[in-house]
**Q** 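First the structure, then my questions, so here it is.
These values consider heavy atoms only, across backbone and side chains, with no hydrogens, waters or symmetry-generated copies.
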Protein chains: 2
Amino acid sequence: MQHCYDYPRPAVTTDIVVFTLRNERLSVLLIRRARDPYAGYWALPGGFVEPDETLERGALRELQEETGLTQVYLEQLYTFGEPQRDPRGRVISVAYLALAPLEALQPVAASDAAALDWFEAEHLPEMAFDHRDILALARARLRAKLNYSTLAFKLLPETFTFHELQRVYEIVGEQELDKRNFRKFIRSLNVLQETGETRRNGAHKPALLYRLAGSAVIYHDRQGT
Amino acid sequence: MQHCYDYPRPAVTTDIVVFTLRNERLSVLLIRRARDPYAGYWALPGGFVEPDETLERGALRELQEETGLTQVYLEQLYTFGEPQRDPRGRVISVAYLALAPLEALQPVAASDAAALDWFEAEHLPEMAFDHRDILALARARLRAKLNYSTLAFKLLPETFTFHELQRVYEIVGEQELDKRNFRKFIRSLNVLQETGETRRNGAHKPALLYRLAGSAVIYHDRQGT
DNA sequence: CTTGATAAGTGTAAAAAATACACCTTCATG
DNA sequence: CATGAAGGTGTATTTTTTACACTTATCAAG
């Protein structure tokens, strides 16, 4: 069945940049393209938006279909619309930034795993379309928002230690932080809740476990995107 | 001539929130809709993206066609894609934030002026579609970016006095600022260039005129969108 | 069960940044 | 040439950020 319009229309897709921390590295989930264009190259998960779904639901659906992931934090990143970005024709892509702890990402195995892999943000393979640009923007955005949002927490499981949280800030922010000052900074956000539990982690004092307070807002200080 | 595709495609439009300062108020340019849906309501300028133009060029073209404006600062704001946002069918809109000094906006008179008007951001008329939401987001974004960007300068003509710049920050930020501290803050950005000129403005000391240094970056401190 | 190794957890002093605040300058007008 | 009005300037105080070192709880090995 054909769908006809009086004027030409672009195709609209979503592309999702899924970041997680693996082996203390910021990593992104990519799919190896089986067919042309860019056969053999790696691409962001994503696909066409369907008529009755919101952009965000479309992104979540594509992510589920292509990677099996369902439990991720998602926010809109930017819309890419260069006329020549896809050689097959005009394709406008609404890019999303997704974050999740590695634990939430095991469903990846559920799908066609051969074509799926994690890459360190520092060591990307040859990428299809303008996906390298999209990824670069996602990374810059994530890094910028670290300091005035609670995005970092989205890379951790529900409960976590102070040190784990600090590592997120250090890895994403690409700089080492002072332990005492970091704790002071986080406490000043007033978003931490003690769980009462501890985690024994080796031959030393066990660490207290925290969770993000349910009432925690995403933005603090200077609000913005 | 019909354009046919194997799958349904949404229409893609741009909508542009043009802010300026008028009578010491943050104001936005709206167009009165002549026909249904939302006949008689006010809407943001914008329209369909053409096959061979970038999203940004499309936004600039629509702005020119509908309002006569050509000299504005433009940045992408957000993409709105709720399936029901337009009763005529699926329309995805890439919203842009535009800023310009009132002086650059006289071309407004060039177009069908009867249907065009400025509204104070605080006193908006009944608006079509989800344009009120778009406007609210644009306003929040502008305000948030004041403190870590040079967006405020985009609301001023090429040369301006310190006091005029302060008024921009006060009006957009919705709070009064201390004169001496403000000057210290701006100087610390290192983006001001003295023109050597002054402006006589009444029975008092004339004000020095400045311009934004050509090398000035948009972002300072914490970079981000 | 004592000892040593390891990461967790804590406070204070110094430096930097942000804030509060008042008077002199320059010009136009009468 | 006196007056009124906005332009322009510096310093002291408070707040925030940074730098920095020792004690605590646990495990493993002797």
Side-chain angles (χ1 to χ4, degrees), chain A residues 21 23-24 143-144 146-149 152-153 156-157 159-171 173-211 219-223, chain B residues 21 23-24 143-144 146-149 152-153 156-157 159-171 173-211 219-223:
Chain A
L21 294 182
N23 311 322
E24 302 256 298
R143 188 173 173 181
L146 260 201
N147 296 305
Y148 60 95
S149 75
F153 294 79
L156 290 173
T159 68
F160 49 85
T161 67
F162 241 114
H163 181 69
E164 288 165 346
L165 182 59
Q166 181 172 345
R167 287 301 295 150
V168 175
Y169 276 83
E170 289 178 333
I171 292 165
E174 295 177 280
Q175 64 172 337
E176 307 251 300
L177 299 171
D178 177 84
K179 184 168 36 159
R180 281 176 290 190
N181 293 339
F182 178 75
R183 292 167 99 96
K184 221 179 304 177
F185 164 64
I186 294 295
R187 281 192 222 281
S188 76
L189 303 183
N190 274 103
V191 297
L192 275 195
Q193 214 173 47
E194 284 197 31
T195 64
E197 313 272 296
T198 60
R199 174 178 300 159
R200 258 171 298 248
N201 205 17
H204 54 84
K205 186 170 177 176
L208 293 174
L209 285 170
Y210 296 85
R211 86 176 79 244
Y219 297 104
H220 42 89
D221 281 356
R222 39 194 67 162
Q223 179 159 333
Chain B
L21 294 182
N23 311 321
E24 301 255 298
R143 188 175 173 179
L146 259 200
N147 296 304
Y148 59 95
S149 74
F153 293 79
L156 291 173
T159 68
F160 49 85
T161 67
F162 240 114
H163 182 69
E164 288 165 347
L165 182 59
Q166 181 171 346
R167 287 302 294 152
V168 175
Y169 276 83
E170 289 179 334
I171 293 164
E174 295 178 280
Q175 62 172 337
E176 307 252 298
L177 299 171
D178 176 85
K179 184 168 35 162
R180 280 177 289 191
N181 294 339
F182 178 75
R183 293 166 98 95
K184 219 181 301 177
F185 165 63
I186 295 294
R187 281 192 222 280
S188 75
L189 303 182
N190 274 105
V191 297
L192 275 197
Q193 215 174 45
E194 284 196 31
T195 64
E197 313 272 296
T198 60
R199 172 180 302 158
R200 255 172 299 248
N201 205 17
H204 52 84
K205 187 170 176 176
L208 293 174
L209 285 170
Y210 297 85
R211 85 176 78 244
Y219 296 104
H220 44 88
D221 282 356
R222 39 195 67 166
Q223 178 159 335

**Q** Rounded to whole Å, please give me the gap between CZ in A/Arg167 and P in C/dA8.
**A** 11 Å
**Q** For A/Arg199 and D/dT26, give me the distance from atom CZ to atom C1', rounded to whole Å.
**A** 16 Å
**Q** Counting the atoms with a prime plus P, OP1 and OP2 as sugar-phosphate, which does A/Arg187 contact under 4.0 Å by heavy atoms, base, sugar-phosphate, or nothing?
**A**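 Here A/Arg187 touches the backbone only, sparing every base.
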**Q** Send over the distance from B/Leu208 CG to C/dC27 P, rounded to a whole Å.
**A** 11 Å
**Q** Looking only at N and O atoms, is any donor in the side chain of A/Lys184 or the base of D/dT16 less than 3.5 Å from an acceptor on the other one?
**A**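 Side chain to base: no pair present.
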**Q** Taking only Lys NZ, Arg NE, NH1 and NH2, and the carboxylate oxygens of Asp or Glu, determine whether B/Arg167 and B/Glu164 approach each other closer than 4.0 Å.
**A** no
**Q** For A/Arg200, which contact category applies under a 4.0 Å heavy-atom criterion: base, sugar-phosphate, or nothing?
**A**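 Sugar-phosphate contact only.
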**Q** Both A/His204 and A/Lys179 contact DNA chain C. Taking the nearest nucleotide for each, which residue is further toward the 5' end?
**A** A/His204
**Q** State, with a plain yes or no, whether a side-chain heavy atom of A/Phe153 is found less than 4.5 Å away from one of A/Val191.
**A**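 Result yes, sub-4.5 Å side-chain heavy-atom pair found.
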**Q** Is it the case that C/dA22 (base atoms only) and B/Arg180 (side chain only) share a donor and an acceptor within less than 3.5 Å, ignoring hydrogens and angles?
**A** yes
**Q** What pair of heavy atoms forms the shortest contact from B/Thr195 to B/Tyr210, and how long is it?
**A**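 Closest heavy-atom pair between B/Thr195 and B/Tyr210: CG2-C, 3.7 Å.
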**Q** Expressed in angstrom and rounded to an integer, what is the separation of B/Leu189 atom CG from C/dA17 atom P?
**A** 13 Å
**Q** Nearest whole Å is fine: how far is D/dG7 P from B/Leu165 CG?
**A** 13 Å
**Q** So which of A/Glu176, A/Gln166, A/His163 actually passes side chain to side chain contact (heavy atoms under 4.5 Å, CB included) with A/Phe182?
**A**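 Looking at A/Glu176, A/Gln166, A/His163, the match for A/Phe182 under the side chain to side chain contact (heavy atoms under 4.5 Å, CB included) is A/Gln166.
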**Q** May I have the distance from A/Tyr148 (atom OH) to D/dT16 (atom P), rounded to whole angstrom?
**A**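 Taking OH of A/Tyr148 and P of D/dT16, I get 21 Å after rounding.
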**Q** Would you kindly give the CD1-to-P distance between B/Ile186 and D/dG8, to the nearest whole Å?
**A** 14 Å
**Q** How would you label the contact of A/Asp178 with the nucleic acid (heavy atoms, under 4.0 Å): base, sugar-phosphate, or nothing?
**A** base
**Q** Tell me whether the OP1 or OP2 atom of C/dG9 has a side-chain N or O from A/Arg183 closer than 4.0 Å.
**A**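 Yes, A/Arg183 has a side-chain N/O under 4.0 Å of OP1/OP2 on C/dG9.
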**Q** Once hydrogens and angles are ignored, does a donor-acceptor distance under 3.5 Å link the base of C/dA20 to the side chain of B/Asn181?
**A** yes
